[in-house]
Peer 1: 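So that we are looking at the same thing, I have put the structure below in structure tokens.
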Amino acid sequence: MFLDFKSEVESLLHSALEKCGFKVEVGVNSLSLESSPHSDLASSVGFRLAPVLRRSPALIAAEIHKSMAFSPGSASSVDRVELAGPYLNFFMNRDFLDSIVIQAQGTECWKGKMSQKVIVEHTSANPDGPLHVGHIRNSVIGDTLVRILRKAGCTVDAQYYVNDMGRQEAMVVWGCDHYKLDDSKADHAIAKVYIAANKAVTETPELKAEVDHIIQRYEAGDQEQEAKIKCAAKYAIMGIEQTLHRMNIRHDSYHWESTFVRNGDVDRVIQDLQKTGLAEMEDGALQLDLSAFGFEKKLVLRRADGTSLYTTRDLAYHRWKSTQAERMVDILGADHKLISSQLRTALRLMKIPEPEVVIFEFVSLPSGSMSTRRGKFISADELLDEVEKQAFEEVTARRPEESEELRRSIAADVAVGAVRYDVVKVSADKATMFDWKAALDFEKLSAPFIQYSHARACSILRKVGEIGQFDPGLLTGENEVAMIKKIAEFDQVIDRAGRELKPHQLTTYARELAESFNLFYRFSPVLDAPQELKASRLALVNASRNALRETLETLGIPALETM
RNA sequence: GGGCGCGUGGCCUAGUCAGGAUAAGGCGGCAGCCUCCUAAGCUGUAGAUCGGGGGUUCGAAUCCCCCCGCGCCCGCCA
């Protein structure tokens with residue numbers, strides 16, 4: 001696919017440069033390759049070389065162009081190279097376009113060549129209540145990255161780190177001791193006692209000691225507290241999992257932070273950090289001085305009462321992770337920026353590989369930021385319910401003759417897609433404001449737009465039996481060629497999103513792919529086309545359907561066959 | 001106060017990391033397209049000094065500096 005074309009262009013350029021005796025600096029994109037409206041791939045390397053060679057970029061480009069060891073048929077994917085002033089324009093040849101259509105008939109061509117083992121940790125929400133619309137930004141970004149990396153060829157373990165030793169879980173247990181869990185969904189029931197407990201402790205500060213006592217006994221290995229905390233946390237996670245599953249999100253493994261306290265890993269981390277000479281006792285607590293690395297405040301490794309802290313436990317978790325994978329990816333909210341830099345610095349001090357951290361900015365409500373503790377949030381369940389309700393109305397308006405069962409099922413799939421696409425389409429480093437109107441809009445910049453294109457392709461394919469013999473060379477219309485080229489881009493998009501950990505790039509591609517298909521659909525009749533052309537167009541519909549399906553699946557969005 | 005991030009038509013965003021050939025979409029506005037494979041679609045049109053100011057460069061939305069605005073953080077919480 002596109003990456004093959006690109007590497008062929010690269011080697012053509014490299015040998016031409018060598019022939020001319022030109023040297024380019026090594027580095028990313030040293031050949032100055034860029035996508036261009038004027039060609040399939042362009043190089044502005046002439047500009048790069050101009051200051052060194054003291055000649056005009058156009059002259060340099062012309063010289064490179066002249067010594068390009070290129071004749072028709074000498075390359076498997078490049079048709080021609082054109083000189084346009086200082087630019088070199090590369091074009092794909094017909095054989096290459098044909099091979100894209102043929103490859104895309106199958107299932108093999110969509111998988112990338114990466115082969116690393118990767119751990120992606122995402123969601124890891126405290127088991128103190130349901131996921132809200134802020135949490136799901138973490139879950140959706142994380143799960144989409146898991147899918148992208150798998151598509152790129154990696155072996156991925158999606159991990160959920162369970163914070164069972166923190167204050168918030170002790171608060172939940174205190175709440176369960178004093179209030180009754182009602183029969184609402186597990187995570188929602190937990191949230192109610194958690195909110196009540198917070199209220200009680202705020203109003204009666206003396207109760208704080210009781211909560212502290214729970215933490216201390218749990219850390220000391222008290223069986224009763226352990227049973228209570230594990231039970232409460234598991235109950236909350238059960239509810240959280242239901243919500244995640246509803247959004248097509250699954251974790252491969254769960255890791256409890258208490259594990260790393262019990263097995264001694266936390267103590268070992270502390271010992272190793274002491275060996276750096278940067279850790280010292282202050283006010284009874286062990287603190288790490290990271291001022292040499294630009295951190296003002298010291299990082300507390302162990303409380304004066306001897307109990308551990310979140311960061312220290314997280315260090316132990318990361319040390320373990322580093323022995324299990326070649327890449328570690330953490331998805332964290334913007335509130336973790338500082339602590340994750342400190343974590344990485346501490347790991348570096350111990351010569352432990354650092355994770356790649358994907359930070360996403362906050363999702364706020366028009367009324368301000370969300371808070372589980374204060375009960376101020378829109379839950380993911382509520383969001384999904386509302387979107388599903390809206391989707392049901394829309395599908396009913398369009399397909400009133402279909403059974404309610406089918407309409408419900410389509411609405412559920414549309415809702416999952418709409419929510420996931422809406423969340424992941426914005427770059428992670430942009431703070432967003434939750435907007436009901438946008439969440440309930442199923443038009444162009446949304447998952448239903450892409451699902452719809454897929455459904456249209458399926459609809460055409462349903463009307464014919466087999467595709468049979470076809471000649472891809474007949475697909476020469478403007479929209480047909482554009483569609484083939486767009487399909488070809490799939491491997492490059494996956495590769496780049498997987499390396500840069502930018503899942504929103506895939507949503508842009510998905511939109512472009514669907515747009516291309518809709519144009520082809522609009523201007524190239526398939527079923528009414530003359531016999532031979534019909535077969536070729538059917539093959540392109542099939543290729544498009546496969547590309548749309550792969551893209552949707554990688555986004556975790558159901559590829560609906562009818563809607 | 002310090003650190004990090006963000007600022008692109010009325011609104012939401014892509015493009016910024018790796019500077020290049022006319023700033024790309026959506027929503028909303030206006031004007032059109034269902035005897036035609038699903039109109040959750042398609043076409044046309046109006047609308048942008050890319051927050052402001054300096055600088056680097058043949059060339060800056062993109063890199064550097066300053067300023068302004070917004071967000072997050074600066075706990076022996078997580």
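Convention: sequence-line order gives letters A, B, ...; per-chain numbering from 1.
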Peer 1: Around atom CD of Glu401(A), are there more than 12 heavy atoms of other residues, nucleotides or ligands at under 6.0 Å?
Peer 2: yes
Peer 1: Is there a side-chain polar atom (N or O) of Arg511(A) under 4.0 Å from OP1 or OP2 of rU13(B)?
Peer 2: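 So the side chain of Arg511(A) is outside the cut-off, no N or O lying under 4.0 Å from OP1 or OP2 of rU13(B).
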Peer 1: Should His336(A) be listed as having a side-chain N or O under 4.0 Å from OP1 or OP2 of rC4(B)?
Peer 2: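 No, because none of the side-chain N or O atoms of His336(A) sits under 4.0 Å from OP1 or OP2 of rC4(B).
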Peer 1: Are Tyr254(A) and Trp256(A), when compared by the centres of their aromatic rings, separated by less than 6.0 Å?
Peer 2: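 They do not qualify: ring centres at least 6.0 Å apart.
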Peer 1: Counting just side-chain N and O atoms, does Lys444(A) come under 4.0 Å of either OP1 or OP2 of rG26(B)?
Peer 2: yes
Peer 1: Over how many whole Å does the gap from Lys298(A) atom NZ to rC76(B) atom C1' extend?
Peer 2: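 Taking NZ of Lys298(A) and C1' of rC76(B), I get 14 Å after rounding.
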Peer 1: Under 4.0 Å between a side-chain N/O of Lys430(A) and OP1 or OP2 of rG7(B), yes or no?
Peer 2: yes
Peer 1: Has the side chain of Asn138(A) got a donor or acceptor atom that lies under 3.5 Å from a matching backbone atom of Thr123(A)?
Peer 2: yes
Peer 1: Reckon Arg398(A) has a side-chain N or O less than 4.0 Å from the OP1 or OP2 of rG41(B)?
Peer 2: no
Peer 1: It should be established whether Lys297(A) places a side-chain nitrogen or oxygen under 4.0 Å from OP1 or OP2 of nucleotide rG75(B).
Peer 2: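 For rG75(B), OP1 or OP2 has a side-chain N or O of Lys297(A) closer than 4.0 Å.
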Peer 1: Is the shortest side-chain N/O distance from Arg303(A) to OP1 or OP2 of rA78(B) below 4.0 Å?
Peer 2: yes
Peer 1: Taking only the side-chain heavy atoms of Tyr521(A) (C-beta and beyond), determine which of rC76(B), rA39(B), rA78(B) contains the nearest atom.
Peer 2: rA39(B)
Peer 1: Applying side-chain contact (heavy atoms from CB on, under 4.5 Å), name anything that partners Val211(A), two or more places apart in sequence or on another chain.
Peer 2: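 So Val211(A) forms a side-chain contact (heavy atoms from CB on, under 4.5 Å) with Arg167(A), Ala170(A), Met171(A), Trp174(A), Val201(A).
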Peer 1: Base of rC6(B) relative to its sugar, syn (within 90° of 0) or anti?
Peer 2: anti
Peer 1: Could you work out the separation of rC12(B) and rA31(B) based on their C1' atoms and round it to a whole Å?
Peer 2: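 To the nearest whole Å, 24 Å.
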Peer 1: Measuring to OP1 and OP2 of rA78(B), would you say a side-chain N or O of Asn163(A) lies under 4.0 angstrom away?
Peer 2: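 The answer is no; no side-chain N or O of Asn163(A) sits under 4.0 Å from OP1 or OP2.
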